[in-house]
S.K.: 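One structure, as structure tokens, below. Some questions next.
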2 protein chains.
Amino acid sequence: MSMQTLQQRILKDGLVLSDRILKVDSFLNHQVDPPLIDDIGKDIALRFRNRGITKILTLEASGIHIAYATALHLGVPFVYGKKKKATTQSGEVFTSSVYSHTREETYLITVSKAFLSPDDCVLIVDDILAEGAGAGGLVEIVRDAGARLVGVSVVIEKSFQNGRRQLDDSKIPVYSLVRIARMSTTTGVEFIDESNQ
Amino acid sequence: MSMQTLQQRILKDGLVLSDRILKVDSFLNHQVDPPLIDDIGKDIALRFRNRGITKILTLEASGIHIAYATALHLGVPFVYGKKKKATTQSGEVFTSSVYSHTREETYLITVSKAFLSPDDCVLIVDDILAEGAGAGGLVEIVRDAGARLVGVSVVIEKSFQNGRRQLDDSKIPVYSLVRIARMSTTTGVEFIDESNQ
């Protein structure tokens with residue numbers, strides 16, 4: 001899949017609700033187009049092949065299908081961090097407290113200690129990188145586990161928000177399939193050209 | 001994939017915490033084994049092929065990868081019902097109120113009206129069928145949408161709980177890859193033999 005295909009899909013089916021909110025729930029994070037996600041997983045897997053990755057880590061719910069497709073193509077398992085501890089999740093867990101700008105609430109990410117160890121080499125994936133709260137919480141969990149972090153990969157990066165900058169500041173490699181420079185309800189979505197990256 | 005493969009995986013990696021709680025979070029609903037899920041999706045797709053299905057419907061979070069794999073093999077999109085309305089989910093939604101026995105709380109399932117219509121022919125999928133609360137909520141949403149419901153398919157059915165009985169009473173076809181007759185911490189998991197179904 002070319003970056004152009006995904007950009008065109010965003011222009012065609014994405015809905016700019018404000019200069020910060022892009023609705024892509026007709027193909028990415030409510031209704032989902034499986035062949036598109038399969039291509040995305042293939043693309044991320046290709047970018048991170050031969051890096052010794054042992055596990056993909058994501059966050060429920062909208063990262064799960066991205067993580068699944070990536071993990072299937074890399075031939076490794078994936079783990080999804082849970083928001084808030086359920087009663088069936090016994091045993092020890094890694095936790096990280098995260099503020100969601102979308103839901104305007106703080107939640108706890110939990111990952112069972114059984115599924116991340118110092119032997120793991122981890123790629124974090126998610127659907128959208130905005131303020132970076134979710135990705136930051138997952139990074140903290142990978143570090144708590146003593147695992148090696150290879151990088152963070154997302155489908156859509158809203159480059160004008162703080163997530164990308166924070167990951168860059170922490171020297172964490174980021175691979176975003178498309179990067180949005182800015183957007184508005186009047187002018188639409190403006191991408192960062194790959195050749196300028 | 002044979003039903004036996006999945007039964008053996010449950011016996012090997014599943015953990016019976018009580019006579020009602022089976023922990024399968026090392027391969028199904030926290031850490032996930034992608035080739036196993038791909039086989040599960042293939043199996044469900046094969047069972048429901050040529051039924052005119054236009055959409056797979058599931059519930060976040062643990063149904064997402066099952067729905068994805070099934071939808072990919074059937075060549076249709078999937079939609080995951082969201083638990084509680086997020087601020088980016090504008091527009092009209094179908095809703096259903098559900099009590100989670102696992103989390104011991106009531107939540108609202110929402111599905112955007114844009115993604116389910118009377119023209120749709122829907123298969124509901126999920127990871128586990130226990131008391132049937134999640135499946136029941138999704139059935140209600142399919143009916144509210146005026147869509148046709150083909151059936152419900154789950155990976156693991158705990159046949160001793162009420163979900164299966166309720167769906168049978170409503171004349172909704174159910175396809176469960178494995179059915180658990182009973183279980184306990186001392187005697188383990190006892191399956192319903194497929195030949196007895």
Side-chain angles (χ1 to χ4, degrees), chain A residues 15 17-18 20-27 29-38 41 55-56 59-91 93 100-105 110-112 114-116, chain B residues 15 17-18 21-27 29-38 41 55-57 59-91 93 100-105 110-112 114-116:
Chain A
L15 200 58
L17 296 185
S18 75
R20 296 174 79 80
I21 301 179
L22 173 67
K23 204 173 165 182
V24 285
D25 68 352
S26 66
F27 61 97
N29 52 23
H30 183 21
Q31 179 168 256
V32 179
D33 178 5
L36 178 75
I37 304 303
D38 187 56
K55 211 154 276 188
I56 305 296
L59 193 55
E60 67 176 15
S62 54
I64 291 178
H65 38 295
I66 320 293
Y68 172 89
T70 305
L72 187 66
H73 286 291
L74 275 175
V76 299
F78 78 90
V79 175
Y80 57 93
K82 300 196 172 192
K83 293 173 180 170
K84 158 193 224 181
K85 193 172 176 179
T87 54
T88 55
Q89 196 167 45
S90 66
V93 292
S100 164
H101 293 79
T102 312
R103 290 178 182 254
E104 293 175 341
E105 62 188 21
T110 66
V111 171
S112 168
F115 307 134
L116 273 184
Chain B
L15 200 58
L17 297 185
S18 75
I21 300 177
L22 173 68
K23 204 172 165 183
V24 285
D25 68 352
S26 65
F27 61 96
N29 52 23
H30 184 20
Q31 179 168 256
V32 180
D33 177 5
L36 178 75
I37 304 302
D38 187 56
K55 210 155 276 187
I56 305 296
L57 181 64
L59 193 55
E60 69 177 12
S62 53
I64 290 178
H65 39 295
I66 319 293
Y68 172 89
T70 305
L72 188 66
H73 286 292
L74 275 175
V76 299
F78 77 91
V79 175
Y80 58 93
K82 301 197 173 191
K83 293 174 180 170
K84 155 190 222 184
K85 194 171 175 176
T87 54
T88 54
Q89 197 169 42
S90 66
V93 291
S100 165
H101 294 78
T102 312
R103 289 179 183 254
E104 292 175 342
E105 63 188 21
T110 67
V111 171
S112 169
F115 306 134
L116 273 185

S.K.: Report the option among B/Ile56, B/Val76, B/Asn29 that has the most heavy-atom pairs separated by less than 4.5 Å from atoms of chain A.
M.R.: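 Among B/Ile56, B/Val76, B/Asn29, the one with the most close pairs to chain A is B/Asn29.
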
S.K.: Backbone N or O of B/His65 within a donor-acceptor pair of the A/His65 side chain at under 3.5 Å?
M.R.: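 Pair absent, no side-chain N/O of A/His65 close to backbone of B/His65.
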
S.K.: Between A/Tyr68 and B/Ile64, is any pair of side-chain heavy atoms under 4.5 Å apart?
M.R.: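 In short, these two side chains do not touch, never coming nearer than 4.5 Å.
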
S.K.: So for B/Ile37, is it side chain, backbone, both, or neither that comes closer than 4.5 Å to the heavy atoms of chain A?
M.R.: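 When you check distances to chain A, atoms from both the backbone and side chain of B/Ile37 fall under 4.5 Å.
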
S.K.: Which atoms of B/Ser62 are under 4.5 Å from chain A, going by heavy atoms: the side chain, the backbone, both sets, or neither?
M.R.: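 For B/Ser62, heavy atoms of backbone and side chain both lie under 4.5 Å from chain A.
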
S.K.: Check each atom of B/Ser100 against the heavy atoms of chain A and say whether the ones under 4.5 Å are side chain, backbone, both or neither.
M.R.: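 Contact with chain A involves no heavy atom of B/Ser100 at all.
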
S.K.: Any non-hydrogen side-chain atom of A/Glu60 less than 4.5 Å from a side-chain atom of B/Glu60?
M.R.: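 A/Glu60 vs B/Glu60: side chains apart.
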
S.K.: What are the two closest non-hydrogen atoms of B/Pro77 and A/Pro34, and how far apart are they?
M.R.: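 So the two residues come closest at CA-CD, 3.8 Å.
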
S.K.: Heavy-atom distance under 4.5 Å to chain B: side chain of A/Ser26, backbone, both or neither?
M.R.: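 Both backbone and side chain of A/Ser26 come within 4.5 Å of chain B.
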
S.K.: Write down the atom of A/Tyr80, the atom of B/Val32, and the distance for their closest heavy-atom approach.
M.R.: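 Here A/Tyr80 and B/Val32 meet closest at CE2-CG2, 3.9 Å.
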
S.K.: Let me know if B/Ala114 has heavy atoms under 4.5 Å from chain A in its side chain, its backbone, both or neither.
M.R.: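 Interface part for B/Ala114: neither.
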
